[in-house]
Each structure stands twice: as structure tokens, then as C-alpha cells.
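Below is one structure, written out as C-alpha cells; the observations come after it.
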Amino acid sequence: MQNLYSKYIFRLALPALLLCGQGFSVYAQESKKGIIESLQELVKINQAKVQKLETQIKGQTEVISSLSDLQDVKINPITMRNLLFYSDSKFTSLIDQDECRFLMLLESSLLKESSQTLNTLVVDYLDEKKQPKSAIVTLKDYLEFKYKKSCSTNSDIKELYNAASWKKTYESMPFVAPKNIETCKVTLNKTISNPHFPYILSIGKVLYDYETGSKSAKSQLNRSSDIASLYKTVTENLDFFNLNYLRNLYQNFDDPQEFCKPYIAEDAWTKSLNGELPLYVLKRRCELISNRSEWDTSLLTKCSQSLNKKPELCSKGDSLGQSLFPSISCDTISDALQSSRLYSDYFDCPSNVDNLSLINSTRVINHLNKIPYKNTGMCSSLTFLNLYELFEKAKQTDLWRFKICYNDRADNSKICLPYIPGTLPDSPLEEGKVLSLAMSKVNGTPDTAHCKIVDKSKYNPGLLEYSIGCFVVTDTNLCTPNNCDRSIYYDKKPVTNVLYEGDLNFDYFPNDFINEQYSLVKMITESMKKSGKIIRSLTDLENYFKDFKDAIIHGVGCGEDLYPEYFKKTMLNQCMPIPFIIDGIKMDKGQKKIIFHASIDQLQSPRMQTWNLVFNAVSNFRLIHPLSTWTMYGIK
Amino acid sequence: MELNKILFIFIFLASSAWGRSELPELATKQSIENIRFLSKNGTITIYQQRSGSLYLATNYKVFELIKGNSDTNYNVESSASRTNIAIEQDLTFHKNYSLLKNNKIFTLLKGANTVKEIGEGRYPKLHLEDKWVSFYKPYLKELVFHQVGSELEFKIKLSNKLNPFFIPEVQMLSDNFIIYTDINKDGHTGLILYDRRAGKFDVILKVPDINRKVELCLNKDHFFVAELGLNLNSQKTIIYSMERAKIDMGKSTIIYESDFNDFGNLNCTYEKGFLYFVKNMEKERQRTSYEVVKLNLKDKKVSILSDVMFATNYIDMDGNLLLPYQGTYYVLAGASDLKKFDLLKKQDPKLKKENE
């Protein structure tokens, strides 16, 4: 009904008012230029009337000391007409018959007389001689005057929405994302009927004006300390979901379909944008397809629209040559993500790390910790750092496999220092730093001379930049801890008395009883005090997820059975072990599918896999496992 | 009668749903998990032990072929020619789950009991009646072709930069003509014919969709090319056939088409006139399902060989067609009971002295 009112009645009434004008103004008779007039003509006529009114008012010599001394004070009809003309019809539609609401709208700056914010009004009144007169008063004075006579509760309500109090007020009426369009419309109507509604809208207005306004508009807003502090406190205290709700309410309360769209959307990208799924779900996906790292609301909205319109963006744009290609489409990923629980607010790079056990282990650790990476550095280096922290926690750092070794100058004993391969500016274990330290011990070079990793195609000792300092020269495209040809140079001279040692050999699940405690899974469960549960059937899986909302399942299976479309078996007992994580289950076209992350896939791209294929893969791997272990466990 | 029929169908469906097969299980005297090769008649067995060593057992004699450690695993590749064998040794199989690391590649000539190390790589494959072996170096993205019994070798470098886990399909038409698959910078799979003598590369097929792969199969007379979808973004399977002597996609015939993505794994050498592969049975069963089938190249009829609902692979092990499923090997075709031929005992020291 409200929509009908704003859409039709006001839009018909407005030109009618301007065209006829008889009941509203002494000057109405002057505007008879014909029935059909263009809007520009109407605006010109109106502007002429306003100018005439202003001239008339300026001519008055009386000074209004106080509105309360005056009789019959009303807003001048031309001013009223301007308010109706210049204000957005969705706000004028809220006026209804309720004077208090009208005053709230005025006070919240939701109505305006021109393109500028409303600060003054022209009022008509009767002087002592009962003669009609007009005067310009400030909006503040007018509202004060009105609130003394009627709608006194408005000022109390206004206080509830200032910078100090709004948070408590807002928390008393939380918005819960509706599940369907009917619930959404009911919720919306309830919100609109709320007596506080214009003040709720005003918060959305502040967000909108700050975020979409021009620089000059923003500086104008900043001059009002109330508004600036309200914006600051709102954005600091509300989460993304609620901020988006307020913006959405302000922009779309008059269009239920548009307002409800984000909440009844089926795709993960819109749900992430409106806060139903973590924001990083959309953000990380957008980073994958565009290489941009800074994202604001508007860019994220555009990105989510692109993902919905072009599902192929995820198949191709998913890989930087570091994970299985092609991936799947954005809509399939979106379907899977809605039933996924694996923490994925970071990137890892399967092929750069090379040993897939390490990728899977860090995915499990990061899910259990749910702490975003603090350090910056190479993608693979962050995975190794994560793993080193596990070894520290398990008090097994002596088992860390990457070492830079030298012979001590004093007694020629072999000394090995642990390092993390690659670039990690914030960590003392960074390869370059440890190498510098080792070289300082054996060659007397300064330990502050940080060794840089350089691609062999770029290294040229003839150039000044490479003639001084320490460089580790390698083919950076090919270098993984399993396969890396390195040469070390210091001031152009090869360094041969400092050596790299180590390999990527780690047990994921125990491969023998003697070294059981040193397997990655054992270290994770014991040092992080987690428990594991064997998962042997789909029923086990379903019950496990039902009982433990945040638990995940991890395992190892033969790649030829997990992904037979990519890998095929041609030899007896052939198996390429691929660790994986299962983090959900959903019905898809009448069949149960598990949400599956193979360690060779991009972390943010889960697949919907058939249970039977996973079971087959784990069974076939068990056949050749040294302990015949069933390698599929839940962890929580 | 009707009740029996219903009961039969119910039992069949129930057993299918449980994934149990009516096919015979492969019976071997030794635990199947140790065996890496078993000849059709069972006279030759290659197996590994917990120590990590690989052994050859034949004619009541056992030879240690390669030494290893407890983390070692072997892949043993044979071909329809049944002449030579290629062996891949992964020394860190149980400790280093890498799809990219290089493993040692060996060849074992027919009748021999010692191996020769020929290089490092992955996925060895025998060609041209086992006279050549190819293998792949994932880090360098290089295909290596080695002539068995000699030092002759050549390499082909791939263009692929997008999929680090890509395994190229390879077929040698002759000593000089090689067909293989590659991925270009846009992610499209191409089929390339390499003329070794002229040093020329000719793209004979380019798949316009990044969500599709190509598989190859070569026998004495024909060359088969399968185009298969990798996911739901591209659902279709097409198999082309052409004469081996005239490799030309323009002159090929489509011998099979499906609106679903089959898994593939083509075998065109097991039985003359038939092509074996793993087929998507969703259309026939109205649910996700895969079985091993054979396509009659004459009448194009497809016969289902397996009955497990979720077959992913099958193996042609020296003339026995095997289905590995949930840790058991079922026999699709060939002999199932190889117990009496498979040998466990090491050579008796007394016998050894007599023979010397």
C-alpha cells in the first residue's frame, strides 16, 4: 500500500499540485499557462514563486523573536510544495497523516527543499492584527517550537540515535536475515511501521552519503561533528552484515523485491556480501580472479555480480599454475561453499609446497586455529612457517628437516641451523637470514647481509646490483623443496662451504609403530589437544558432522580413484596418494554429495564428490599402506 | 515367478548399492598388495617386500631386482607386446606425497633377471613392441623417450604452464612420429604430432574448451582419440577412430558419443575389434554410476563388464583384465585363480649349489 502511495499517488499529486495550486497559494492564479506543461516549465514556475516569496519575506521589517509568540504557525505552502517536489518520493510516502513522522523526516534530513540539506524553512503565521505573514526560521527553531506543542516524544527518540546511544538502541531490535521472500516482506513492513523508522533510516543515510558522496560532499559532512562521529562509531561497531542491512534499508525500503534480494539469494557470493557467510569467502575468490588485494563494498558487489553472471571465471582464473586445472565453475563452487565449514581465509599453493601432506596438515591446523596469517611472504613459505610452529608446539623442532649447515671454524664440528624455504620478511627463520647467519659464522661475512633469492634468468654478476652482497641463484619456477638446484654467491664469488640439507619426508599418518608420535597427524592431535574419530561409512560421516558443527574429516586416498577423470590406473597396485579434507555434506539433485577439498585443489574451490569414490580411494590406499591403516579420520 | 523376479532384482540392486561384485576375485598365493606384476599364466611374478626390495620370481627362482627401503613403492608397467617391462621406483612413497617428484626408472628385458636404470621421471610407458619407453619429468615438463637396451634418447618439452599436475598422453607411431597432448597458455588441450626427423610439430587437434581432456589409444591398425569432459561445465564424450597409417582428424570417424562424461582409460589392445573404457552410467541408471564397458567396433554395441556401480579404473595385467575396487581385485576377463602359478619361496640354497 505504501509503495502504491509513493509510486502513484504522490507522482500524480505533485504535478497536479503544481498545475492547479489553487488551494495552496495566494499566487496560484498566476500560473495558468496551460494544462500540458513540461517539467522544466513547472520547475521554472516554482522557482519564480520561491523567489517572489523570498523577496516578500525580505521586505518585511518585523523580526521574529520567538515562534511561540506567534499564532497559527504553519509551513508555507510553497515551501511544503518544494519539500514534496525535491524530496525522494520514497521518503515523502512515509509522511502519511502522521505529523510526528513528518517532523522526524524533516529532522533526519530525509526531506529537502532543494538539492541542499534543509536548514531553514519559510513559515506562515498570523500577526497581532490577524494578518497573514511569512518568515524564515531555522529548522532547529521550528522543530523546538513544534515539539513543545506536540510530538514531544520525538526529541526523546532522537536522543536514542545519537553517537553515544545508537548502538544500544540498535541492538534492541536486531535484524535477522529472512529465509524467504514472504518472511522478508513481513519483516520489512514491521520495520517501516516502527515509530523510530526515520531515525533508523538516518543511520543508513550517513553511511550512504559518506560512501557514495563526492569529496566536497564528504568534507561538508565532516564539518558536522555529530555526523562524523556517528559515521565513525557505526562503522567501527557494526559488522559487515548489519552495515549492509542499514545501507540496503536506506536505499531499498520502498522496493521489497530489491530489499529482499540479498537475503533470499541462493549464491554464496551474495550471502558473503550480506554477511550470512564470512566476507572472506567472497574476498578471497575476488582476489583469485583479479589479483587486486584491496576491496571495498562497491568493488565486492561488482565482483559478486560478475561471479554470478560469468561462472566460467572460476574455472580458468582459479589457478596461478599452482593447483589442479581447470577448476570448477563459480556456481558449483558457490553450491559447495554453502555447506562447507573449512576455514579458508588465506592462500596456499599446492604445487609449490610439493609434499601434499604438508598442504593438508596446514589446512587442518588453520581450521582448528582460525587465525589469519599475520606474516607476509611467499605462499609456500607461509605454509612451512605454519608447520614449523606445529613442530615448536609439539617440542619437536629438532626434527625440522630444512637445515643450512656449515663446519664450525673452531672445532670443525658440523652445525646446522633450521630455516624456512623462501621469503618471510617477518621471520628470523627466513632462508636468506639464516643463510647470512651461517655465512657470517664460517666466512666472517656480516650477518646483516641478507641473502636474496634471485631467478637464474635475472642473475648477472656483471650488473652492479648483483656484484655486491649475497645471492641464492635458482630457477624459481622449478624450485620446490623436492627439487631445487641452488648456487650461492657472495660478492660474485661462489660459496661452497655452506650447504643446504633436508627433504620433504614427513609421515602424514603413522607408517610404523616406532615413529608413530612423529607423524604430522599425531603431532596435531596431541599438541593441539584434539581428538580423532575413524570414519568408515557415510553414516559415520553424517553423524560426525551433525554432532560436531565445526569438525572436519581428513584422510588419504589414491588419486586415480578420487579423480579418475584426471588420473588413470594402468598398473597393479598403482596409487598416487592424495591427502584430502571433507567438511560438509549436501543433497544435490536427489543424491548425497560430500564437500571435498583435495590437497591438489585450490583451497577456496571445494568440489561436490561422491562418497563411494572416496571410500574406494581410501580402501585401495589401505591395501598398500605399511600398517594397513584406514586413513580417514574426523578431527575436532 | 513375478515374486522371484522382484526378489532377484532387489538382491541385485541391494548388492550393487553395497558395491559388492559378482565377479570372481583374483586369487594369488601371495598377498595381492605385495604383487606388482603377474603374468597371464602366472609363471612370472614381480613383487615387493616390506624391506622395500623388488623381486622377480620365475621358474622356482627368485631374483632381487632392485633394493629399496621401507618407504619404497614400485610401479611395474607392461604392454600388450609382453616383451619388456618398465619399473618406477619411488623411494619416499610413504613419506613424501608429491605428484611432481622424480622417481627412478628401470627397464627389465625379456628373459633377464637384472634391471637397467635409464633415468628419473614418472609414468613410464612402453611403445613400439616394447622397444621404446617414455616417461615424464613433471618439474621440467619434459617427455623423455628412451630406446630400450641402448643409450639413445630424445626429449620433447611441453608448453603447459597452467596445470602443474597434468600428465600428457603419449603414443609412438614409429621411431620418428610421436603423438602427445599438451596444454596451451589459454588452457586448451591440444594433440600434437611430432616429426622427429624434420623437427616439426603439428597441432592435429585443439579442444576449444578448457574443461575437456584428450585420451589416446593405439593398436596395430587403428588410432583412437577420445575427447572427454572433466566436469559438469562440459558434458560430452566423443571417441574418434582413424587408420594408424593415416593420422588425420579430418578423416576420422566418430565411433562413440555420449552426453555424459565418461572416465575414459581407453584400452584398444586387449581384444581385437573392441575398445574398453570406463563409462558414465547416469543415463542408464538415473543416478551417479560408472562401469567398465567394451565397445564393439563393428556394431557399436556397448557391453557392461563390471557390476560395482562405481568403477573408476581397470588394469590390463598381461592379458588379465582386472578391476581394483575397494581393496579387492576382481577379474573382468582372463584367469582368476593364479594361486598354483604364483610362488613365494626363495630359491633353495641346495638347489642353487647344484645349478652352479
Side-chain angles (χ1 to χ4, degrees), chain A residues 311-312 315-316 319 321-326 328-329 332 350-351 354-357 478 480 482-483 503-508 511-512 556 559-561 564-579 590-591 599-600 610 612-613 615-617 619-620 622-626 628, chain B residues 19 32-33 35-38 50 70-71 73 75-78 92-102 125 139-140 161-167 183 187 210-211 213 215 228-233 261 263-265 278 287-288 290 309-310 312-317 322 324-327 329:
Chain A
E312 68 275 10
S315 315
K316 199 170 180 183
S319 178
Q322 295 165 351
S323 60
L324 188 63
F325 175 94
I328 39 181
S329 66
T332 312
S351 67
D354 211 354
N355 183 341
L356 301 171
S357 307
L478 293 181
T480 78
N482 267 335
N483 174 74
D503 54 49
L504 271 178
N505 298 336
F506 298 90
D507 285 355
Y508 188 71
N511 286 317
D512 58 66
V556 182
E560 298 89 345
D561 300 303
E565 60 273 39
Y566 286 99
F567 311 114
K568 58 183 181 184
K569 211 176 277 205
T570 57
M571 298 175 268
L572 195 60
N573 287 319
Q574 180 184 349
C575 175
M576 55 168 83
I578 294 182
Q591 293 179 68
S599 49
I600 54 174
T610 306
N612 300 74
L613 296 185
F615 186 84
N616 194 18
S619 305
N620 288 337
R622 182 193 188 192
L623 190 63
I624 54 170
H625 190 271
S628 300
Chain B
I32 188 70
E33 60 263 27
I35 301 174
R36 295 293 177 269
F37 175 83
L38 204 47
R50 280 300 304 271
S70 57
D71 296 316
N73 194 52
N75 286 327
V76 176
E77 170 82 343
S78 65
T92 57
F93 177 82
H94 291 294
K95 281 201 177 316
N96 190 341
Y97 297 157
S98 166
L99 269 62
L100 305 178
K101 65 181 179 184
N102 288 321
K125 189 181 166 77
Y139 293 121
L140 295 173
K161 283 183 172 38
L162 288 174
N163 185 3
F165 306 114
F166 173 67
I167 303 168
I183 298 178
I210 62 165
N211 299 294
K213 66 167 184 178
E215 259 195 49
L228 307 108
L230 289 165
N231 50 51
L232 296 174
N233 297 350
N261 290 336
F263 282 154
N265 198 349
V278 182
R287 51 164 291 174
T288 308
Y290 300 91
M309 295 294 284
F310 294 96
T312 51
N313 288 279
Y314 66 97
I315 296 160
D316 176 1
M317 234 246 320
L322 304 176
Y325 185 71
Q326 293 186 359
Y329 280 87

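All chains are named by letter (A, B, ...) in the order of the sequence lines, taking the proteins before the strands, and each is independently numbered beginning at 1. The basis for the numbers below is simple: all heavy atoms, side chains too, and nothing from hydrogens, waters or symmetry mates. Owing to the predicted nature of the structure, the values given are computational and were not obtained by experimental measurement.
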(message) Between B:Asn265 and chain A, with a heavy-atom cut-off of 4.5 Å, which part of the residue counts as in contact: side chain, backbone, both or neither?
(response) both
(request) Could you tell me the separation between the CZ atom of B:Phe310 and the CG atom of A:Asp561, rounded to the nearest 0.5 Å? (result) 13.0 Å
(request) State, with a plain yes or no, whether a side-chain heavy atom of A:Thr570 is found less than 4.5 Å away from one of B:Asn75. (result) no
(request) Before giving the answer on side chain to side chain contact (heavy atoms under 4.5 Å, CB included), spell out for B:Gln326 and A:Asn616 the whole-Å C-alpha distance, their side-chain angles and the decisive distance to 0.1 Å. (result) CA-CA 5 Å; B:Gln326 293 186 359; A:Asn616 194 18; 3.8 Å; yes
(message) Using heavy-atom distances under 4.5 Å, tell me whether A:Ser628 contacts chain B through its side chain, its backbone, both, or neither.
(response) neither
(message) Do A:Thr480 and B:Tyr139 have side chains that approach each other closer than 4.5 Å (heavy atoms only, starting at C-beta)?
(response) yes
(request) Taking all heavy atoms of A:Phe325 and all of B:Leu162, pick out the closest pair and write down the distance. (result) CB-O, 3.5 Å
(request) Provide the closest heavy-atom pair for A:Cys575 versus B:Phe93 in the form atom of the first, atom of the second, distance. (result) O-CE1, 3.1 Å
(request) Find the distance between OG1 (B:Thr312) and NZ (A:Lys568) and round it off to the nearest 0.5 Å. (result) 13.5 Å
(message) Minimum heavy-atom separation for A:Pro350 and B:Phe165, please, with both atom names.
(response) CB-CZ, 4.3 Å
(message) To the closest 0.5 Å, what do you measure between CE (A:Met571) and NZ (B:Lys125)?
(response) 9.5 Å
(request) Name the region of A:Ser351, side chain, backbone, both or neither, that has any atom closer than 4.5 Å to a heavy atom of chain B. (result) both
(request) Quick one: closest heavy-atom pair of B:His94 and A:Asn511, and the distance? (result) O-ND2, 2.7 Å
(request) State, with a plain yes or no, whether a side-chain heavy atom of A:His625 is found less than 4.5 Å away from one of B:Glu33. (result) no
(message) Less than 4.5 Å to any heavy atom of chain A: does that hold for the side chain of B:Asn261, its backbone, both, or neither?
(response) neither
(request) State plainly whether the residues A:Asp354 and B:Lys101 are in salt-bridge range, i.e. N to O under 4.0 Å. (result) no
(message) Go through it in stages, so that I can follow the logic: the residues are A:Leu572 and B:Ile35, the test is side chain to side chain contact (heavy atoms under 4.5 Å, CB included), and I'd like the CA-CA distance, side-chain angles, deciding distance and then a yes or no.
(response) CA-CA 7 Å; A:Leu572 195 60; B:Ile35 301 174; 3.6 Å; yes
(message) Measuring only between side-chain heavy atoms, which start at C-beta, is A:Asn483 closer than 4.5 Å to B:Leu100?
(response) no
(message) Testing the basics here: between A:Pro564 and B:Lys213, what is the closest heavy-atom pair and its distance to 0.1 Å?
(response) O-NZ, 4.1 Å
(message) Which atoms of B:Arg50 are under 4.5 Å from chain A, going by heavy atoms: the side chain, the backbone, both sets, or neither?
(response) side chain
(message) What I'd like to find out is whether the side chain of B:Leu99 reaches to under 4.5 Å of the side chain of A:Ile600, using heavy atoms alone.
(response) yes
(message) Applying ring-ring contact (aromatic ring centres under 6.0 Å, His included), can you list everything that pairs with A:Tyr508, at least two apart in sequence or on another chain?
(response) A:His554
(message) To the closest 0.5 Å, what do you measure between CG (B:Asn313) and CD (A:Glu560)?
(response) 6.5 Å
(message) To the nearest 0.5 Å, what is the distance between CD on A:Gln591 and CZ on B:Arg287?
(response) 6.0 Å
(request) I would like to know whether B:Ile32 and A:Leu623 meet side chain to side chain contact (heavy atoms under 4.5 Å, CB included); could you show each step before the answer? (result) CA-CA 8 Å; B:Ile32 188 70; A:Leu623 190 63; 4.2 Å; yes
(message) Strictly distance-based, threshold 3.5 Å: is any side-chain N or O of A:Asn505 a donor or acceptor partner for the main-chain N or O of B:Asn96?
(response) no
(request) For B:Asn233 and A:Ser315, test the side chains for any donor-to-acceptor distance below 3.5 angstrom and give the result as yes or no. (result) yes
(request) Pick one of side chain, backbone, both or neither for B:Phe263, based on which atoms fall under 4.5 Å of a heavy atom in chain A. (result) both
(request) Could you tell me whether a side-chain N or O of B:Tyr329 sits under 3.5 Å from a main-chain N or O of A:Asn573, the two making a donor and an acceptor? (result) yes
(request) Mind listing the closest non-hydrogen atom pair of B:Lys95 and A:Asn355 along with its distance? (result) O-ND2, 3.3 Å
(message) The criterion is ring-ring contact (aromatic ring centres under 6.0 Å, His included); which residues satisfy it with B:Phe166, sequence neighbours excluded?
(response) none
(message) Are B:Asn231 and A:Pro326 packed together at the side-chain level, in the sense that at least one heavy-atom pair is separated by less than 4.5 angstrom?
(response) yes
(message) Let me confirm one number: the CG-OH distance from A:Asn620 to B:Tyr325, rounded to the nearest 0.5 Å.
(response) 9.5 Å
(message) Any heavy-atom pair between the side chains of A:Tyr566 and B:Leu230 that's under 4.5 Å?
(response) yes
(request) Could you have a look at B:Asp316, B:Val76, B:Ile167 and say which one has the most heavy-atom pairs with chain A under 4.5 angstrom? (result) B:Val76
